[in-house]
Amino acid sequence: MTSNNQYHKPLTAKVSVVMPIYNVAAFVEDAINSVLAQTLSNFELILVNDCSPDNSLAICQTFTDPRIRIISHEVNQGLAAARNTGIRHAIGRYVAFLDSDDMWHPEKLTQHVAHLDNAPEVGISFSRSLFIDYQGKKINVFQMPQLTDISASDLLCRNPVGNGSAPVLRRETLGDIRYQALNKSHPHSCYFDENFRQSEDIECWLRILATTHWKMEGLPAPLTYYRLNNQGLSADSNKQYASWENMINKASRYAPELLALHENRARAYQLRYLARQAIRNNDGKEAVVRINQALKTSPAILRHETGRTMATLAAAYLLHILPRRAYKGVELLAQSALGRMQRAQIAKDGVTAELMSSL
């Protein structure tokens, strides 16, 4: 791997922001600018070029901010390896991850640093997320996960972190799950499992909650802007499901009791998630197959989360049977109503009117 010597390594940084770069020429400038616009200025931004085939690297090299470092892999290694490279080069007390097709609210780092500074038992701080479309336009719909009292079983079933651009972690937390990748040509420390090309994030978070003392908590403010990009890694549901199953197989070795109690229900929730992904990709047939698989795997999800499960079921069948224009009309009405309810809940949870007005 090589480093870009155009920039000097900062002497200190409160937060190290790790951003993998691969085939994101359409988005990476906005992602970098959202970091540079943070109200907390004491950070370094580590851009890990994973042999991107487009001109993403050239775009990154146009930035001259001294807090930016570019590190390049000699061969493509995948998202987990890129994050590991960034962590190994990080100097910050906290490590934040931003996928290069997503963006952050300007208050993102400020609020997470305050959270971690004042909650020494928390190893993973994350935020709610606001959806944006392919062009970066904000959609009035949010990820609204559980924020507190999160157990390993909660994470296994519903992954409250939601996406790879939401969490900020302590360096000590990552250190507690560090291991050596001895099967590589150059042995090195790993945090994310480089054998995973998908599901590497939830595998990492689960390993933290299941094997260490660290807690996970979320902030009520939607500080992450998560792009609905049907060309991204999450677009292929078959590969995503196979990767999730590999994660389950690995977890059964270090947390067998957890899996014995919750694996089937977790699988049903994953299938329901894949149904929602299919709905976002306008694939009604796939959505119907996935939600039916979910209900067959664990009918109890209908009782535990009636509203969300019924909404997914209804959307899947409506998308499958209605003409596209008719479905889009129904979807817009439903999104508008859901967005209003979510905004009301976010405001109720104490997010300031000033921040809400910026969403």
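Note that the coordinates shown come from a computational prediction; the quantities given were computed from them, not determined experimentally. Heavy-atom basis, side chains included; hydrogens, waters and symmetry copies ignored. Heads up: numbering here begins at 1 and tracks the sequence.
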Any side-chain heavy atom of Glu29 sitting closer than 4.5 Å to one from Phe63? yes
Distance from Cys51 atom SG to Asn76 atom CG, nearest 0.5 Å? 6.0 Å
Kindly say whether Ala268 contributes a backbone atom to a donor-acceptor pair with the side chain of Ser298 at under 3.5 angstrom? no
Does Pro220 offer a backbone N or O that forms a donor-acceptor pair with the side chain of Arg128 under 3.5 Å? yes
Would Ile32 and Leu45 count as a side-chain contact (heavy atoms from CB on, under 4.5 Å) here? Give the steps. CA-CA 8 Å; Ile32 293 173; Leu45 174 56; 4.0 Å; yes
Any luck finding a side-chain donor-acceptor pair between Gln335 and Asn140 under 3.5 Å? no
Would you check if the distance from the ring center of Phe97 to the ring center of Phe192 is below 6.0 Å? yes
Heavy-atom pair with the smallest gap, counting every atom of Ala90 and Ile46: CA-CD1, 3.7 Å
side-chain hydrogen bond (donor to acceptor under 3.5 Å, both in side chains) assessment of Glu257 paired with His262: CA-CA 9 Å; Glu257 295 181 0; His262 302 289; over 6 Å; no
Salt bridge (Lys or Arg N to Asp or Glu O under 4.0 Å) partners of residues 102-122, not counting sequence neighbours, each pair once: Lys14-Asp117, Arg93-Asp117
Other residues, nucleotides, ligands: >12 heavy atoms within 6.0 Å of Gln180 CD: yes
Do other residues, nucleotides or ligands put more than 12 heavy atoms under 6.0 Å from the CE atom of Met356? yes
Cut-off 3.5 Å, side chains only: do Ser125 and Glu217 have a donor facing an acceptor? no
Check the surroundings of atom NZ in Lys138: do more than 12 heavy atoms from other residues, nucleotides or ligands lie under 6.0 Å from it? yes
For Phe43 and Leu36, what are the C-alpha separation, side-chain angles and deciding distance, and is it a side-chain contact (heavy atoms from CB on, under 4.5 Å)? CA-CA 9 Å; Phe43 64 81; Leu36 298 181; 4.2 Å; yes
When you measure from the side chain of Arg83 to the backbone N and O of Met19, does any donor-acceptor pair fall under 3.5 Å? no
Might you work through the side-chain hydrogen bond (donor to acceptor under 3.5 Å, both in side chains) test for Tyr225 and Asn163, ending with a clear yes or no? CA-CA 10 Å; Tyr225 299 158; Asn163 62 82; over 6 Å; no
Please report the shortest heavy-atom distance between Leu359 and Pro222, naming the atom on each side. CD1-CG, 3.2 Å
Decide yes or no for Asp193 and Met247: does some side-chain heavy atom of the first lie under 4.5 Å from some side-chain heavy atom of the second? no
State, without any angle test, whether Asp50 and Gln77 hold a side-chain donor-acceptor pair at a distance under 3.5 Å. no
Does Val95 offer a backbone N or O that forms a donor-acceptor pair with the side chain of Ser16 under 3.5 Å? no
Counting distance only, does the side-chain N/O of Gln146 pair as donor-acceptor with the main-chain N or O of Pro160 below 3.5 Å? no
Check the side chains of Ser52 and Asn23 for a donor-acceptor pair under 3.5 angstrom, ignoring hydrogens and angles. no
Atom CZ of Arg88 and atom SG of Cys190: how far apart are they, to the nearest 0.5 Å? 6.5 Å
Do side-chain atoms of Asn292 reach the backbone of Val288 as a donor and acceptor pair under 3.5 angstrom? yes
For the pair Asn281 (side chain) and Asp283 (backbone), establish whether a donor and an acceptor sit closer than 3.5 Å, ignoring hydrogens and angles. no
Which atoms form the tightest heavy-atom contact between Ala31 and Ser34, and what is the distance? O-OG, 2.7 Å
Distance from Ser243 atom OG to Glu245 atom CD, nearest 0.5 Å? 10.0 Å
With side-chain contact (heavy atoms from CB on, under 4.5 Å) as the test, would you mind laying out the steps for Gln277 and Gln240 before giving the verdict? CA-CA 11 Å; Gln277 289 287 84; Gln240 190 170 6; 4.3 Å; yes
Distance-only side-chain donor-acceptor flag, Arg267 / Gln270, under 3.5 Å: no
Atom pair CD1 (Ile248) and CZ (Arg253), whose distance is rounded to the nearest 0.5 Å: 12.0 Å
Check whether any side-chain N or O of Gln38 sits under 3.5 Å from a backbone N or O of His105 as a donor-acceptor pair, and report yes or no. yes
Do Leu130 and Tyr226 have side chains that get closer than 4.5 Å, going by heavy atoms? no
From OH (Tyr94) to CZ (Arg170), nearest 0.5 Å: 4.5 Å
Under 3.5 Å: donor-acceptor pair, side chain of Gln111, backbone of Leu219: no
ring-ring contact (aromatic ring centres under 6.0 Å, His included) between Tyr134 and Phe27, worked out: CA-CA 9 Å; Tyr134 187 85; Phe27 314 120; 5.2 Å; yes
Cation-pi check for Tyr273 against Arg158: NZ or CZ below 6.0 Å from the six-membered ring centre and within 45 degrees of the axis, yes or no? no
Note: Phe126 and His112 closest approach over all heavy atoms is C-CE1, 3.3 Å
In terms of heavy-atom contacts, Ile87 and Val18 come closest through N-CG2, 4.1 Å
Closest non-hydrogen atoms of Glu286 and Ala278, given as atom of the first, atom of the second and distance, are CG-CB, 3.5 Å
Would you list the atom pairs, donor with acceptor, under 3.5 Å between side chains in residues 203-211 and any protein atom, with sequence neighbours excluded?
unit_1	atom_1	unit_2	atom_2	d
Glu203	OE1	Arg207	NH2	2.7
Glu203	OE2	Arg207	NE	2.9
Glu203	OE2	Lys250	NZ	3.2
Trp205	NE1	Asp201	O	3.4
Arg207	NH1	Ile177	O	3.4
Arg207	NH1	Tyr191	O	3.2
Arg207	NH2	Tyr191	O	2.8
Thr211	OG1	Arg207	O	2.4

With no hydrogens and no angle check, do the side chains of Tyr22 and Asp99 hold a donor and an acceptor under 3.5 Å apart? no
For Thr309 and Arg272, does a side-chain donor sit closer than 3.5 Å to a side-chain acceptor? yes
Main-chain N/O of Ile21 paired with Ser100 side-chain donor or acceptor, under 3.5 Å: no
Exercise: do Thr224 and Ser165 side chains pair donor with acceptor under 3.5 Å: no
Report yes or no: do Val24 and Ile59 belong to one cluster of Ile/Leu/Val/Met/Phe/Trp/Tyr joined by side chain heavy-atom distances under 4.5 Å? yes
With sequence neighbours left out, which residue pairs that include part of residues 307-316 fulfil the salt bridge (Lys or Arg N to Asp or Glu O under 4.0 Å) condition? none
Please walk me through it: do Trp104 and Val17 pass side-chain contact (heavy atoms from CB on, under 4.5 Å)? CA-CA 12 Å; Trp104 282 345; Val17 180; 3.5 Å; yes
In Å, rounded to the nearest 0.5 Å, how long is the span from CG of Leu169 to CG of Leu116? 8.0 Å
Without hydrogens or angle criteria, can the side chains of Asp349 and Gln345 be said to hold a donor-acceptor pair below 3.5 Å? yes
